[in-house]
Each structure stands twice: as structure tokens, then as C-alpha cells.
Trainee: 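Got a structure for you, questions after.
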Amino acid sequence: MIIEKEKMTSLADRLVEQEVKGRSPWTDARKRFLRNRAAMAGLVVLVLVLIFAATGPFLARFSIDEIDFMIIGQVAELGGPSFETGHYFGTDDLGRDLFARVVQGTQVSLMVGIVGAGIAVIAGTLYGAVAGYAGGALDNLMMRAVDILMAIPYMFVLILLLVIFGRSIGMLFVGIGLLSWLDMSRIVRGQTLSLKNKEFIEAARATGVSGFRIIIRHIVPNLLGVVAVYATLLVPLMILTESFISFLGLGVQEPLTSWGALISEGAGTMQYGTLWQLAFPLFFFVITLFGFFFVGDGLRDALDPKDR
Amino acid sequence: MFNFILKRLAVAVPTLLILIILSYVLMHAAPGGPFTQERAVPPEIMANLEAKYGLNQPLWKQILTYVTDVTTRFDFGPSFVYKDRSVNEIIAQGFPITLTYGTISFVVAVLAGCTLGVLAAVYHNSWLDYLAVGISVGAQVLPNFVMAPILVLVFTLWLGWLPGGGWQGGEWQFLVMPVIALSTSFMASIARITRSSMLEVLNANHIRTARAKGLPTRRVILRHALKPALLPVISYLGPAFVTMITGSVVIDMFFSTGGIGLFFVNAALNRDYSVMMGITILVGGLTIIFNLVVDILYAWIDPKIRY
């Protein structure tokens, strides 16, 4: 029997190609995220804000504490946004370049948000995973401690801390970090409880892996999805907290600034007709928060398939 | 039920004690005592001052005295900056104002939020629903310290309808903007929670049964759907209360309403530790009591909770 060789090879090739390509849950999640228009728009906005914060210092023609003596005293008439004077966003009430200050405020606010969420991720994940994995009396004790800490009006305690130990960015990080991990630890504990009775954990334990190693190598990687979602949603909350404190004039100290401080300054001078002093910081504040909330929601939809 | 309340109290009391002790230790650890001034005070006078305020005693004794004073007599001691006023007098002056507009905002937020949420769920995917979702998304990025300047800009500077601040014994013109600024974000959160739980309840079996029996829609919603749908709102009231009290600081500062928030910020700027501690502990105590009440209320209303 003569068999057409070419036909056979093509058939064989097709058989080989038939093998189904596996799709990991992460690929699925990425696909879902890319399809989510609001989340993608949020991501684009966030990237633009990041670029603004990173390249702003090179574009600004003034430093944050340089006073333009040509303008001071006539801010409402001369201090408006213009390319001719080099003040792209106008000046603040003291004749300082608002563009440079908004760039700098954006850097501080983003940094506070990201560092706060970072502390929450590290401390909250470890604390929650240990409590959930240990179970029993230790779990009870650790979670009661979280309950007690959560009942404390943290904003007031944070302000107390800032006043007592001096208002600096470092102290702001410590204070915000101290309270940001509480919610995260609760969420992580709940997830750990459901994970720890799975077979692969049992297998690890049976082969003699130590408890701490199980937490680091087997529990934590499985929590990443949940942690990523809540971390993204925590960033705007941290930014809100910082802005709140700065709005009261208790946050970062002059000449440093942040969105809250800039909004407060702009709100204080708006009756003189210098609306741009409120509008620019407010604009960046609002779009960034929108961005983070949309990306967070998108991540939750993408990583949490049981909602559909 | 009794056991449940006891158990909650067993958490609440230590929380309050920890808060009091923590703030006292923090104050004690502050670099530079409350009497550190630009002009150096002679050591003898300093010693007298410290003796007057009991600061020369060992720390544990100071804490013990403070805790006893606060818990048994509600006495937060004297202000360190205003020599002629006690913390109690400051609280007595500011707290009623905060309480007035706080209560009004709370009621407005709950009523408006629930109404909006229920309407959005009942008329799912209509323009009303989209409006409610839009409001609750938008309000997320408009916290009170953003709302307040925008309101003043529109209603005071552009339209000239409302005074930009002040209290005047709580006349309505002075209440409108503080209440709107304080309640908007809660109204949005409550609307969001109500909407999603109402949507869930409307798909539940007992609602289908009620509809199948031929009950009018109004009755189905008011009698059968509303109660289970509002349960999640109750558990949100605790955190809402805390955030609202925190928000009152911004309101007091921005609208000069004269509540305790203003005193707190001024104390923070003047390093008036005893006033800060007094207000922090007062707010903490209120929060704990409020959470306790909400928990008990929830356990009492929700038949699914076994305690």
C-alpha cells in the first residue's frame, strides 16, 4: 500500500498541534483585567500620574520654596497659570511655583499611600497567616489584640503621635503603618483558615516541613491574589488619611507639601479669586483616587472568579 | 443574650483602659515637657509647676491617678495651655455643638442612603440605579475635606445663598453645609451597601413566595424585603460613627462651628497634651459604647446570630 507521505506528515502535525494549551488562573485573570475598561482607564491614569510625579521636577522652572517677588502681593492678577512666567499651574499665595509644589505633593502623597499599603501587606499578611495557621489560643489572643486596636479612634491617636514625636514624613509613615495592617491581617487570617486544611499543606506537614516554612512557602503565595486586591484598595485609603491630616495642618511640614496641604491652602484663598490653587491639587487628588479604586475593583473582579 | 453582652463588655473595658494608658504613656514620652517654653523657667518654678500637676510622681502613680479620675469622676484634669480652664469645660463647650450637627448628619446619611439604595435595587438598571451608583462611586473620592471647600465655593462665593461658616446657636443656614459635607460619603456608602443587599434579598425565595401569593409590590418590599436587606447597614453604623466623629474635626475647622474638633486641632498645634488626651479618650469611649450598642442591636435583630 502506498501512502502519500506528505499527507501523513501533515496529519501527524495536526495531531501534535491538537494538544491543548493549558491556561493558568493568572492568565485568565489577566485577560479579565485587560477586558475591564474602567480598570484599564484607571491604570492609564495612574501611570500618567506616576510619570507626572517622576518627570515633574525636571520640567519645573522653580523650586518648591522659591518665592517669585515679581508676583507676590498681586497673586490674583499675575500669579495665574501661564507659560510666559514659567508658572504652568500659577503660583500659591506666597508666590511659590504651584507646579513644583503639586509635583512634590504628588510624590509625598503617592509615597505615603504606597509605603502604608506596603507595611500593611508585609505586617498584615505575616500576622494574619501566623494567627490563622497557629489557631487555638494564640490565634484567639492575636485576634483579640487586633479587635482592641481597631476600636481605638486611630486618627486621633495618629495626630497625638505626630504632635508628640514631631511632624516628619518618617513619623507619618510609622503612624500610618501602625494602623494600616489591621484590616489586612483579618482578611489574611480568614483566607489562611480555609487554606490550612487543604491536601498540599497536609502533604508538606507530612514530609516534615517546619511551620514557619509552610507559612512562607505554601500559604503566603496562595494568598497573593487577595492581598493584591486589598493592597490596591488600601493605597487610596492611606492617601485619604494623609491628606486628611495634612488638610488640618498637622502633616508634613513646610516647605514640603502634600495634596491635603495644597487643597487646604487652595481652599483658604479661594475667595480672592485664585481658584487654580484649589483646582490643580484637587484634580490630581481626585483622578488618582479614582484610578486606584477602579484598578482595585478591576483586580477584585479579575482575581475573584466566584463573583461571576 | 446576657452572656453575649458580658463577653462584649469583657473586650470593651480593657480597650478603654489600654487607650487611656497608651495616651498617657505617649504624653509622658514626649520630648520636652508641657511647660517647656522659649524662655527657660527657673528650676524651682518648674518643680512647683510639676508638683501642681502631679508630674513629679512616679509614672505608674500618675497613670493610676489619671485613670481613676477619668473613670470615676470623668475628670480629665486641667488644660496645660489655658491655665484657667479645665479639659472638662472645653469639652462641655464644644461637644454639644458636635453632637448636634453630628446627629443630624447621621440621621440624614442613614435615611437618604437607605432610601437611595432601596430605590436603586427596586428599579434595577434604570436611570435611578445608575444615578445611585454614580453618586456612590463619586462620593468615594470626595471626602469631607474636599466637599467642604467645594460647597463653600458654590453656595457662598458664587451663589451667595449660605453663610460660609459660624454657628449662631445652630440656626439652619449654618447647619446646611456642615451636614452635607459630613454626610455625603456615608450616604454613598450606605446606599451602596443597601443596594447590593437589597438586590440579593429580592432574589431570595421568600420574596418569590410573597410575590407568588399576589401581594402588592409595595407590601413585598416594605414588609418582607426591607428588614433583611437593612441588616448589613446596621453593622456598618459602627465604623460610620467613628469616621463621622473624625470628620467633624474637618467640619469644625473649616466652617468654624466651634465643636470639639476645633479644640482638638488647636490643642495639637499648641501641644496642649491634656486636652488632646481628653478628647481622644472621650471619642474612644463613645466609639466603644456605640460599637457595643450596635453589636447588641444586631444580635437582637438578626435571628441567625447565635451567641
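Quick note on labels: first sequence line is chain A, next is B, and so on, each numbered from 1. All values below come from the heavy atoms of this structure, side chains included, with hydrogens, waters and symmetry mates left out.
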Trainee: Among the options Val163(A), Leu250(A), Ile263(A), Ile287(A), pick out the one with the most heavy-atom pairs lying under 4.5 Å from chain B.
Mentor: Val163(A)

Trainee: So what's closer than 4.5 Å to chain B heavy atoms on Leu282(A): side chain, backbone, both or neither?
Mentor: side chain

Trainee: Can you name the residues that form a side chain to side chain contact (heavy atoms under 4.5 Å, CB included) with Leu149(A), not counting sequence neighbours?
Mentor: Ile152(A), Trp181(A), Leu182(A)

Trainee: Supply the atom-to-atom distance Leu240(A) CG to Thr243(B) OG1, rounded to the nearest 0.5 angstrom.
Mentor: 11.0 Å

Trainee: Which pairs pass salt bridge (Lys or Arg N to Asp or Glu O under 4.0 Å) with one or both residues in residues 174-186 of chain A, sequence neighbours excluded?
Mentor: Asp147(A)-Arg186(A)

Trainee: For chain B, find which of Asp297(A), Leu160(A), Val286(A), Val157(A) contributes the most heavy-atom pairs closer than 4.5 angstrom.
Mentor: Leu160(A)

Trainee: Does anything in residues 103-113 of chain A get under 4.5 Å of chain B by heavy atoms, and if so which residues?
Mentor: none

Trainee: Considering all heavy atoms of both residues, which atom of Phe290(A) and which atom of Gly138(B) are nearest to each other, and what is their separation?
Mentor: CZ-CA, 4.1 Å

Trainee: Is chain B contacted by the side chain of Phe292(A), its backbone, both, or neither, given a heavy-atom distance below 4.5 Å?
Mentor: neither

Trainee: Side chains of Phe293(A) and Val137(B): does their closest heavy-atom pair fall under 4.5 Å?
Mentor: no

Trainee: What heavy-atom pair brings Gly247(B) and Phe244(A) nearest, and what distance separates the two atoms?
Mentor: CA-CE1, 4.3 Å

Trainee: Among the options Leu16(B), Leu142(B), Val249(B), Ile18(B), pick out the one with the most heavy-atom pairs lying under 4.5 Å from chain A.
Mentor: Val249(B)

Trainee: Could you check whether any side-chain heavy atom of Thr280(B) comes within less than 4.5 Å of a side-chain heavy atom of Ile159(A), counting everything from C-beta outward?
Mentor: no

Trainee: Given that the side chain runs from C-beta out, which part of Ile288(B) has a heavy atom under 4.5 Å from chain A: side chain, backbone, both or neither?
Mentor: side chain

Trainee: Identify the residue among Ile245(B), Leu282(B), Ile281(B) that makes a side chain to side chain contact (heavy atoms under 4.5 Å, CB included) with Phe156(A).
Mentor: Ile245(B)

Trainee: Looking at chain A, which one of Val265(B), Ile279(B), Val283(B) has the largest number of heavy-atom pairs inside 4.5 Å, strictly under?
Mentor: Val283(B)

Trainee: Is there side-chain contact between Leu248(A) and Phe145(B), with at least one heavy-atom pair below 4.5 Å?
Mentor: no

Trainee: I need the full list of side-chain hydrogen bond (donor to acceptor under 3.5 Å, both in side chains) pairs touching residues 231-247 of chain A, with sequence neighbours left out, sorted by first then second residue.
Mentor: Glu242(A)-Ser246(A), Glu242(A)-Ser258(A), Ser246(A)-Ser258(A)

Trainee: Taking every heavy-atom pair that is under 4.5 Å apart, which of Leu19(B), Val152(B), Leu153(B) has the most such pairs with chain A?
Mentor: Leu153(B)

Trainee: Return the option, out of Asn291(B), Leu22(B), Val250(B), Ile150(B), with the maximum number of heavy-atom pairs under 4.5 Å with chain A.
Mentor: Val250(B)

